[in-house]
Visitor: 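One structure is given below, represented as structure tokens, and several questions about it will come after.
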Amino acid sequence: MSVFYHEESREFHLTNGRISYILSILDNGEPGHIYFGKAVRDRASFAHLIEYSCRVMSPYCFPDRPSFSMDQLRQEYPNFGHGDLREPAYSVRRETGSTVSEFRCRSHRISRGKPKLPGLPATYTESDDEADTLELELFDEKTQASLTLTYTIFRDFDAVARSVRFENHGTQTLVLERAMSASIDFPDKDFEMIRLSGTWARERAVQRTALSGGIQRIYSRRGCSSAVHNPFLALVRPETTEYSGEAYGFSLVYSGNFLAQTEVDAFDVSRVMLGIHPDGFSWPLRPGESFTTPEAVAVYSDSGLSGMSGVFHHLYRSRLARGTWRDRPRPILINSWEAAYFDFDEEKLMDLARRAADVGIELFVLDDGWFGARTNDCAGLGDWWYNKERFPNGLGGFARRLKELGLDFGFWIEPEMVNADSELYRAHPDWIIRDPDRFPSLTRNQYVLDYSRPEVVAYIGDLIAAALRESKATYIKWDMNRSITECFSTALPPDEQGTVYHRYILGVYSLYERLTREFPNVLFESCASGGSRFDPGMLYYAPQGWTSDNTDAMQRVEIQYGTSFVYPVSSMGAHVSASPNHQLQRRSSLSARADVAVFGTFGYELDLTKLPQEELCEIAEQVAWMKQHRALMQFGDFYRLRSPFECAEAAWMTVSPDAREAVVGWYRFRQPASGKFTRVRLRGLDPDADYLVQPSGLVIGGDELMRIGLSTSDLPDEAPCDCKTKRFYLSMKE
Ligand code: DGJ
């Protein structure tokens with residue numbers, strides 16, 4: 001891997017031999033985009049790819065060169081104000097009120113490895129030979145500000161990570177009104193855009209639409225990345241399929257308000273950009289201060305969506321997620337929420353725990369309701385000390401009893417929130433995000449704490465740390481159950497109000513950083529009303545996230561399928577819940593529920609004390625199966641085989657890196673009478689090897705399984721039911 005710099009042509013070529021990213025310094029000193037895609041051989045100049053054109057109505061910046069128009073040239077980090085009339089990537093306001101800026105290349109630096117982003121989550125390297133980084137410094141004379149574009153190319157992943165740092169070297173206060181993380185101009189519009197969109201309980205549904213003239217955007221202005229749109233978009237060719245064709249993936253490593261958009265101009269140039277949403281953002285940059293944007297990751301694959309997702313899975317699993325749990329198979333847990341909701345005391349939970357221990361479960365997660373006056377969702381948030389009536393011997397006493405059963409202990413928190421009915425709110429009513437002149441909206445009876453204030457973050461952090469120490473918990477579920485409204489901080493002056501959304505999420509990150517550092521052995525699982533903040537920023541601190549509150553097996557297939565476009569199986573919290581399901585009231589078999597949940601971090605979320613003995617035996621078998629195969633399930637190579645968004649079936653599989661083992665999941669949503677014969681072609685196997693396929697016991701060649709397929713037609717002895725699932729285990733024959 002390398003970053004080539006060609007002095008004469010002033011071009012940079014980042015390549016790892018499989019992908020190339022090429023940019024140049026244009027004649028006016030601003031950076032121009034040349035190419036991103038499959039690797040091309042390096043050459044002294046790619047200048048012939050820069051197309052100049054003289055168009056009526058296009059502004060130009062040299063008096064004698066009407067063909068040199070920023071409105072026509074493909075750019076790296078476009079501004080607004082001196083020629084480019086498309087959407088800009090940034091905007092800097094001077095004290096005069098002007099937002100016209102001319103940042104010109106002043107210097108560049110090529111280094112090995114990858115620098116950290118201060119206070120922000122980002123991909124990383126473990127040794128300097130894993131990546132090379134180009135930092136391109138641009139400078140604007142009038143504002144005396146610099147803007148540094150940073151590009152990292154990875155040796156092992158077909159991805160380029162970008163971020164931008166603004167620094168004020170002058171004497172006037174500047175205001176950043178827009179600061180996107182990345183922008184790329186593609187020379188054509190022959191693309192379709194894929195996004196992962198939805199809402200609560202149906203997160204990350206795959207949607208694919210053709211690009212057309214104008215702007216298509218996805219965004220969040222909720223203070224969290226949200227279930228409505230994930231901070232991700234892909235541009236694919238119309239002919240791109242799961243396994244063939246070009247796919248570009250763009251993902252923002254950020255958990256707050258974001259914007260990701262494509263703009264097709266009148267000449268069919270497609271501009272894609274992503275970053276912090278400019279609405280509600282305005283950041284004063286005083287003399288000597290700097291601002292760093294979140295990181296955007298751009299992936300290229302010429303082997304379809306599967307290739308793109310594979311890059312994200314490997315990169316995010318190994319060089320975004322961090323800590324003790326990054327590479328470790330995850331504990332099988334029982335979560336108390338759907339088992340008991342708020343209706344419990346220690347003895348009731350001990351009954352649940354005994355059953356859990358009997359079936360081989362390893363971790364007991366105490367969900368909402370253990371603290372303060374929290375016996376329903378109207379009170380207690382903010383008071384992070386145990387409820388003495390429910391736990392007479394504290395969390396520590398409860399955890400010790402669990403330990404005697406062989407269970408580890410974890411607990412739920414929602415540290416960013418407060419109920420009006422709480423000690424915290426009574427003591428500090430000014431600690432919430434609200435405009436004092438307006439009614440503060442409620443969601444689930446709660447307010448959002450003002451995490452732009454370090455004293456608020458510190459107060460909550462001390463309480464959580466004390467609870468962790470007292471209980472010796474090994475797991476935390478960190479929830480977040482409402483959007484930010486009336487965004488205003490009473491602690492900040494008027495000209496800083498545009499910083500609140502971003503400061504808020506920086507506060508969240510700082511608390512995550514503190515707790516993950518002080519408790520390096522604790523496994524963190526992020527959550528936000530299910531999967532409303534399931535994003536790469538969270539993954540940096542919490543290697544797994546609760547994928548959705550929807551635990552209906554068949555709907556979960558869609559949710560996990562969509563989530564897998566970017567996120568690895570090891571990051572997806574997936575539980576077996578009760579039947580009928582609590583969200584949909586739909587019935588499904590215990591085996592169907594497990595067939596979906598094993599493609600995740602796996603656990604149970606139902607009242608085991610209400611199950612008949614034969615179901616407990618079945619659960620014990622499921623747990624034993626998962627213990628044996630969880631390393632494969634969570635860290636194998638994941639392939640999507642059939643899309644639930646295209647037909648009434650879905651299939652996927654995971655294969656060990658050495659191709660010796662694989663597990664295939666097949667799901668049919670509506671079971672027809674006289675079902676047709678069905679087959680699924682597998683992926684990633686060794687074509688020359690033979691595999692023992694269970695449960696059939698047949699030995700089948702890898703070539704046959706991949707070229708002819710695995711039969712998923714119904715076995716004759718199966719009982720009829722609404723939906724049908726199958727799980728196959730394949731092992732290579734010696
Ligand atoms: C929302 C989460 O998504 C649920 O799993 C559960 O933890 C509840 N909050 C508890 O209030």
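Just follow the structure's listing: the first ligand is 1, and inside any ligand the first atom is 1. This chain uses plain numbering: 1 for the first residue, then up along the sequence.
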Visitor: Is the distance between the ring centroids of F398 and F391 less than 6.0 Å?
Guide: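 Here the rings of F391 and F398 have centres that are less than 6.0 Å from each other.
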Visitor: Using heavy atoms and a 4.0 Å limit, tell me yes or no: is R444 in contact with ligand 1?
Guide: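 Per 4.0 Å heavy-atom rule, R444 contacts ligand 1.
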Visitor: Is the shortest side-chain heavy-atom distance between S570 and F635 below 4.5 Å?
Guide: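 In short, these two side chains touch, coming nearer than 4.5 Å.
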Visitor: Are F258 and Y254 an aromatic pair, judged by ring center distance below 6.0 Å?
Guide: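 Centroid separation for Y254 and F258: 6.0 Å or greater.
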Visitor: Nearest protein heavy-atom contact for atom 3 (O) of ligand 1: which residue, which atom, what distance?
Guide: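 Of every protein heavy atom, D549 OD1, 2.4 Å lies nearest to atom 3 (O) of ligand 1.
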Visitor: Identify the protein heavy atom lying closest to atom 11 (O) of ligand 1, giving its residue, its atom name and the separation to 0.1 Å.
Guide: D368 OD2, 2.7 Å
Visitor: Please confirm whether the ring centroid of F411 lies under 6.0 Å from the ring centroid of W370.
Guide: yes
Visitor: Give me the nearest non-hydrogen protein atom to atom 9 (N) of ligand 1 as residue plus atom name, then the distance to 0.1 Å.
Guide: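 Minimum-distance protein heavy atom for atom 9 (N) of ligand 1 reads D479 OD2, 2.7 Å.
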Visitor: Ring-plane angle category for H629 and W625, please: parallel below 30°, perpendicular beyond 60°, tilted otherwise.
Guide: tilted
Visitor: Counting non-hydrogen protein atoms only, what is the nearest one to atom 7 (O) of ligand 1? Give residue, atom name and distance.
Guide: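 Of the protein heavy atoms, D367 OD1, 2.7 Å lies nearest.
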Visitor: Would you mind telling me if ligand 1 is within reach of the side chain of N481, the backbone, both or neither, using heavy atoms under 4.0 Å?
Guide: side chain
Visitor: Within ligand 1, which atoms have a heavy atom of K477 less than 4.0 Å away?
Guide: 4 (C), 5 (O), 6 (C), 7 (O)
Visitor: Should you measure from each heavy atom of G530, which atoms of ligand 1 turn up under 4.0 Å away?
Guide: 3 (O)
Visitor: Should the proximity of C527 to ligand 1, defined as any heavy atom under 4.0 Å, be assigned to the side chain, the backbone, both, or neither?
Guide: side chain
Visitor: Need the ligand 1 atom indices (1-based, order shown) with element for anything under 4.0 Å from a heavy-atom of W546.
Guide: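 Close to W546: 3 (O), 5 (O).
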Visitor: Looking at Y512, Y509, Y540, which hits side-chain hydrogen bond (donor to acceptor under 3.5 Å, both in side chains) with S255?
Guide: Y509
Visitor: Check whether the side chains of N550 and D552 place a donor and an acceptor atom closer than 3.5 Å, and report yes or no.
Guide: no
